[in-house]
**Student:** 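The structure's right below; bear with me while I get my questions together.
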Amino acid sequence: MEIKLYHIDTLEYVGSIISRNAFDYEFRGVSNPHFIAMTHGMPLRALLANLVAFDMVYDLIDEGQAASAE
């Protein structure tokens, strides 16, 4: 699963998290060293709950599922 990260005010893309499970994930394109250091080793669920403290929001991209056209 890919989790795309965006700035909370501008919605500018700031990187992604590639998740294999709740404890096995990696950052891609994230350039905020403080964010990476503070969340290192944190369970994914806790990391997502703390994104607002780093001025971020997220969107889940599930592989294998087509985007819905509503």
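Nothing here was measured: the structure is a model prediction, and the numbers come from that model.
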**Student:** Mind checking side chain to side chain contact (heavy atoms under 4.5 Å, CB included) for Arg20 and listing every partner two or more places apart, or none if nothing turns up?
**Tutor:** Ile18, Asp24, Glu26
**Student:** Let me have the donor-acceptor pairs involving side chains of residues 36-60, under 3.5 Å, with sequence neighbours excluded, atom names and distances please.
**Tutor:**
from	atom 1	to	atom 2	distance (Å)
Thr39	OG1	Phe35	O	2.7
Asn50	ND2	Ala46	O	2.8

**Student:** Do any side-chain atoms of residues 9-16 form donor-acceptor pairs under 3.5 angstrom with protein atoms, and if so which ones, sequence neighbours left out?
**Tutor:**
from	atom 1	to	atom 2	distance (Å)
Thr10	OG1	Glu12	N	3.2
Tyr13	OH	Ser16	OG	2.6
Ser16	OG	Glu2	OE2	2.9

**Student:** Before you tell me yes or no, could you show the steps for Ile17 and Arg28 under side-chain contact (heavy atoms from CB on, under 4.5 Å), namely the whole-Å CA-CA distance, both residues' side-chain angles and the distance that decides it to 0.1 Å?
**Tutor:** CA-CA 6 Å; Ile17 300 169; Arg28 290 202 184 147; over 6 Å; no
**Student:** Quick check on the hydrophobic clustering: are Val30 and Tyr6 connected, directly or via other members, by side-chain heavy-atom contacts under 4.5 Å?
**Tutor:** no
